[in-house]
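Just passing along the structure, written as C-alpha cells.
Throughout, a chain's letter reflects where its sequence line sits, starting with A, and its residues are numbered from 1.
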There are 2 protein chains.
Amino acid sequence: MTDTLKSGQRRPPSMADVAQHAGVSSQTVSRVSNGLTNVDESTRDRVLASMQALGYRPNGAARALKRGRFNSIGVIMFTLATFGNMRTLDAIATEAAKADYSVTLIPLADQTLGAVSGAYRRLNDQAVDGVVIVFEAHLIDRGEIALPPGLPVVVIDSNAGSGYAVVDNDQIEGARLATQHLLDLGHRQVHHIAGPTTSFSAMHREDSWRSTLRASGITPPSVHHGDWSTESGYQITLALAADPTVTAIFAANDQMALGAMRALHQLGRDIPGDVSVVGYDDMEEAHSFWPPLTTVRQDFHSVGRLAMERLFEQIAAGGAALSGPSGLGGVTTVPTELVVRESTGAARGVSGR
Amino acid sequence: MTDTLKSGQRRPPSMADVAQHAGVSSQTVSRVSNGLTNVDESTRDRVLASMQALGYRPNGAARALKRGRFNSIGVIMFTLATFGNMRTLDAIATEAAKADYSVTLIPLADQTLGAVSGAYRRLNDQAVDGVVIVFEAHLIDRGEIALPPGLPVVVIDSNAGSGYAVVDNDQIEGARLATQHLLDLGHRQVHHIAGPTTSFSAMHREDSWRSTLRASGITPPSVHHGDWSTESGYQITLALAADPTVTAIFAANDQMALGAMRALHQLGRDIPGDVSVVGYDDMEEAHSFWPPLTTVRQDFHSVGRLAMERLFEQIAAGGAALSGPSGLGGVTTVPTELVVRESTGAARGVSGR
DNA sequence: GCCGTTCATGTTGACGCAAACATACGGTCA
DNA sequence: TGACCGTATGTTTGCGTCAACATGAACGGC
C-alpha cells in the first residue's frame with residue numbers, strides 16, 4: 001500500500017489526479033488554480049484541500065505550452081563579478097518581476113567564440129520570450145554566430161552598429177565630465193587607466209577622454225589598459241606615479257581607482273594634494289573609500305528598466321517581425337552624472353580657479 | 001500574400017511547419033533537431049535548410065512537458081546588492097551550467113511575509129526542478145508559508161532546524177578566528193559591528209564573537225547592529241570611537257569595516273596604530289582598502305557548488321520522496337579562513353607578544 | 001526466391017493544461 | 001407555461017514535442 005504510493009507516485013500529481021481526488025473535472029481544478037471567480041465556494045475549498053493533500057503543483061511547461069508565452073526572459077552575461085553587471089542584472093530582475101516575468105541566467109564561461117555560440121545554442125533549449133545580452137565583447141558583431149532568428153533581443157554595452165536595440169549609459173558624456181572636471185581644477189594633463197579593449201564601454205570612455213583632452217589643446221598621453229580589477233589599477237598606478245608630473249588620474253571604474261589610490265598611499269602621495277583621482281560607476285563603497293572617491297555615477301537601474309521596456313515592445317510586437325539586424329535597432333542612452341567627493345582637488349600651484 | 005505570411009505567422013514555426021516545408025514528417029524533424037544519427041544525409045540537409053528558412057526554434061515548453069524535466073533551477077534571493085549573495089549566485093549559475101541546467105532568478109521585493117509567500121507562489125508558475133533559497137530571514141521557519149510540497153530545496157544562510165538541506169560558510173569558526181586574532185594581538189576588548197538581526201549569518205557571527213570573548217574571560221560589550229552598508233559601519237564607528245579605550249573592532253562584513261575605517265580616518269585615529277579593524281567576506285576590493293583589510297575569507301564558490309550538489313542529489317532521488325521538513329536535512333559547512341593584512345596590529349603598549 | 005535483418009522514415013498517442021464550447025439547473029418575466 | 005438568462009460545472013480539443021510502434025525498401029544468406 002505504502003509501497004504503491006511511493007513507487008507508483010513516480011510522477012508528480014496532475015490536474016487530473018486532483019480532479020479525481022476532489023470528485024470534479026480537471027477544468028474546475030484549472031479554474032481554481034487560476035483563481036477564476038466562477039467556482040462555487042464549497043467546490044473551491046474541496047479542490048484546494050485535494051491540492052494540498054496530493055501536493056499538487058501546476059506544471060509550468062504545460063501552462064507555457066498552452067499559452068504560447070513563457071513569461072521569462074533570458075539574460076546572457078559574461079560575468080557577475082563586476083559591479084555594473086550585477087547592478088544591471090538586479091535592475092532587470094526587478095523590472096521583469098514587476099511585469100510578472102522571471103529571469104533566466106545564461107552564463108558565459110568565457111568570451112571565446114565557442115562559449116558565445118554555446119550560449120546561443122543553449123538559448124534554444126530555454127523557454128524564453130526574449131533576451132537581454134549584457135556583453136563586453138565585440139563578438140556579437142561577428143556574423144559567424146547567429147542568434148536564433150525571430151527572438152526579441154536587447155543589447156547592453158555594445159555599439160550602435162549591430163542593428164539590435166541597444167541600451168547603455170552615456171559613456172561619452174561620463175568620461176567627458178570626469179576629464180573636464182580634472183582640467184577645470186587646473187590639471188595640465190589627465191592620465192587614464194582604461195578598461196580592457198574587449199569592452200565597448202571601456203573603449204567609449206577612452207575615446208571620450210582623449211577627445212576631451214584634445215578639445216582643450218592637450219595631447220593625450222599613452223593610455224594604460226587594466227582589466228577592471230583593483231590589482232590592475234594598483235600596478236598601473238605604481239608605474240604611472242613614478243613620474244612626479246602626474247597629478248590627475250581618471251580610472252575607467254571605481255575598482256581600478258581604488259587600486260590607484262592604494263598605490264598612491266603606498267608611495268606617500270597625498271590625495272588630492274599631490275594627485276587627484278576620479279573613478280567611474282559610483283559603487284556603493286566609493287563614498288567610503290579613503291579619501292571618498294570622486295566618480296561618475298551610472299544609473300544602472302534606468303538601464304535595466306529601459307532595456308526591459310525595449311524588450312517588451314518587441315515581444316508585444318510579435319518579435320519575429322521586428323528583431324534582428326534589419327529591425328528595431330537604435331540606441332537608448334541613459335545620462336550619467338559626476339559626483340564630486342574628496343579625491344579630487346586643485347592642481348599644485350593653482351589656487352582654486 | 002505577403003500579408004498572409006505576416007499576419008498568419010502569428011505563432012513561431014513549429015516542427016510541423018518545418019516538416020511540411022521540407023517534405024518530411026515532423027518526427028524526422030525531431031530527429032534532426034535532437035541530433036540523432038539515423039537520418040539520411042540528404043534528408044538532414046534538407047531539414048536543416050528548412051529550419052533556417054523558416055527561422056525554426058524548438059519550443060522549450062513542449063520539450064520540457066514531454067520530458068518531465070525542465071533543466072532549470074530557481075534561486076530565491078532577497079537582494080543582489082550584497083557581495084556574498086552575488087558571489088553565491090555566480091557560483092550557483094556556474095555549477096548549474098556545468099550540469100546543463102539554467103538558473104531562474106526569483107527576486108524578493110522585501111523580506112515581509114507577503115513578499116516571501118509571493119515568491120513561493122511565483123515558484124508555482126515557474127518551470128523549475130528545484131530551488132536554492134539564499135535567505136537572510138527567519139521567515140523560512142514560520143509554518144505559515146509553505147514551500148510547494150515535493151520540491152527539492154536547499155537553503156543557504158539558515159540554521160539547522162529547518163529540516164531542509166542547509167549549506168553555509170562556517171560562521172562560527174570565522175568569527176572566532178577574527179576575534180581571537182585581535183585578542184592574540186593583545187587587545188583587551190573587541191567591539192563588534194554586527195549585521196542585521198534578521199540574518200542568520202549575522203547572528204551566528206555575533207554569537208561566536210561573544211563566546212570567544214567569554215572563553216578568554218572577557219565580558220562582551222554591548223553590540224551594535226548595522227545593515228551591512230558602509231554607511232551603517234561609518235555611523236556606528238563614529239559613536240563607538242568616541243570612547244578612546246576602543247582599540248579593536250570586528251565588523252560583520254567588509255563593507256561595514258570600510259565604513260568603520262572611514263570614520264577612524266576622519267577622527268584622526270591611526271589604523272592599526274590606534275585601532276585595529278577586521279572585516280568579514282574578503283571581497284575583491286578588501287586588499288586595496290587603506291589600509292588593506294584583515295578579514296575572514298568566505299569560500300562562496302564552494303558554497304554554491306555544494307548547494308548544487310545537494311540539490312542534484314534530491315532531484316535525482318525523485319524530490320518528492322526526500323525533501324521537505326521531514327526529509328534530507330542536515331548542514332553542510334564550508335571552512336572559512338582568516339586573511340591577515342595591515343588593518344590589524346598589536347595593541348598599544350603591547351610589543352608583539 | 002524466400003525469409004530475416006537493417007535502416008530510413010511515417011503514424012499514433014500522450015505529456016498537463018486551458019480555451020472554447022456544451023450542459024444542467026434555478027430563477028425571472030412576459 | 002415557456003422563452004430567456006446567469007451561474008456552476010463538464011467535455012472536447014489541441015498546444016509542440018518525442019517515445020513507441022508501424023511501414024517499407026534494400027540487401028544478403030540459404
B/Ser26 side chain N/O closer than 4.0 Å to the phosphate oxygens (OP1, OP2) of C/dG10?
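No.
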Gap between atom CD1 of A/Ile315 and atom CG of A/Asn71 - 0.5 Å precision:
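Rounded to the nearest 0.5 Å, the CG-CD1 separation comes out at 9.0 Å.
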Just N and O in the side chain of B/Asn34: are any of them under 4.0 Å from OP1 or OP2 of D/dC18?
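Answer yes for this pair, as a side-chain N or O of B/Asn34 is under 4.0 Å from OP1 or OP2.
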So which nucleotide from C/dG16, D/dG10, D/dT17 ends up closest to the side chain of A/Ser25?
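Per side-chain heavy atoms of A/Ser25, the pick is D/dG10.
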Whole Å only: how far is the CZ atom of B/Arg69 from the C1' atom of D/dA19?
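Checked: the CZ to C1' distance equals 17 Å.
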Let me confirm one number: the CG-CZ distance from B/Asp40 to B/Arg31, rounded to the nearest 0.5 Å.
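Answer for the CG-CZ pair, B/Asp40 versus B/Arg31, is 12.5 Å.
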Between A/Arg57 (CZ) and C/dG16 (C1'), how many Å, whole number?
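Spelled out: CZ on A/Arg57 to C1' on C/dG16 is 13 Å.
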Calculate the interatomic distance between A/Arg31 atom CZ and C/dA20 atom P; express it in whole Å.
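Between P of C/dA20 and CZ of A/Arg31: 13 Å.
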Atom CD of B/Gln20 and atom C1' of C/dG10: how far apart are they, to the nearest Å?
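So the two atoms are 16 Å apart, to the nearest Å.
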Whole-Å gap separating P (C/dG16) and CE (A/Met51):
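Rounded to whole Å, this separation is 15 Å.
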Could you give the CZ-to-C1' distance, from B/Arg67 to D/dA19, as a whole number of Å?
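Rounded to the whole Å, the gap is 11 Å.
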How would you label the contact of A/Thr28 with the nucleic acid (heavy atoms, under 4.0 Å): base, sugar-phosphate, or nothing?
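Here A/Thr28 touches the backbone only, sparing every base.
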Round to the nearest Å and state the distance from B/Met15 atom CE to C/dT11 atom P.
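It is 16 Å, rounded to the nearest whole Å.
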Using ring centroids (six-membered ring only for Trp), state whether B/Tyr101 and B/Phe312 fall under 6.0 Å.
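Ring-ring flag for B/Phe312/B/Tyr101: true, centres closer than 6.0 Å.
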Ionic contact status for A/Glu41 with A/Arg44, cut-off 4.0 Å:
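Salt bridge flag = no for A/Glu41 with A/Arg44.
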Atom CG of A/Asn38 and atom C1' of C/dA18: how far apart are they, to the nearest Å?
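Result: 13 Å.
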Does OP1 or OP2 of C/dA18 have a side-chain N or O of A/Arg63 closer than 4.0 Å?
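The answer is yes; a side-chain N or O of A/Arg63 sits under 4.0 Å from OP1 or OP2.
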From D/dG10, C/dC15, C/dT9, nucleotide with atom closest to A/Gln27 side chain
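Selected nucleotide (nearest to the side chain): D/dG10.
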For B/Leu65 and for B/Asp40, locate the closest nucleotide of DNA chain C by heavy-atom distance; then report the residue assigned to the nucleotide nearer the 5' terminus.
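Residue closer to the 5' terminus by nearest nucleotide: B/Asp40.
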Give one of base, sugar-phosphate or nothing for A/Val29, where a contact means two heavy atoms less than 4.0 Å apart.
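Counting heavy atoms under 4.0 Å across all strands, no contact is made by A/Val29.
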For the side chain of B/Lys66, counting heavy atoms from C-beta on, which of C/dA18, D/dG10, D/dA19 is nearest?
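Of the candidates, D/dA19 comes closest.
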Would you say A/Thr43 places a side-chain N or O within less than 4.0 Å of OP1 or OP2 belonging to D/dT9?
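Indeed, a polar side-chain atom of A/Thr43 lies that close.
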Using a heavy-atom cut-off of 4.0 Å across all strands, would you classify B/Asn59 as base, sugar-phosphate, or nothing?
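Sugar-phosphate, backbone atoms only, no base.
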B/Ile92 side, atom CD1; B/Arg87 side, atom CZ - distance, nearest 0.5 Å
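One finds 13.5 Å between CD1 of B/Ile92 and CZ of B/Arg87.
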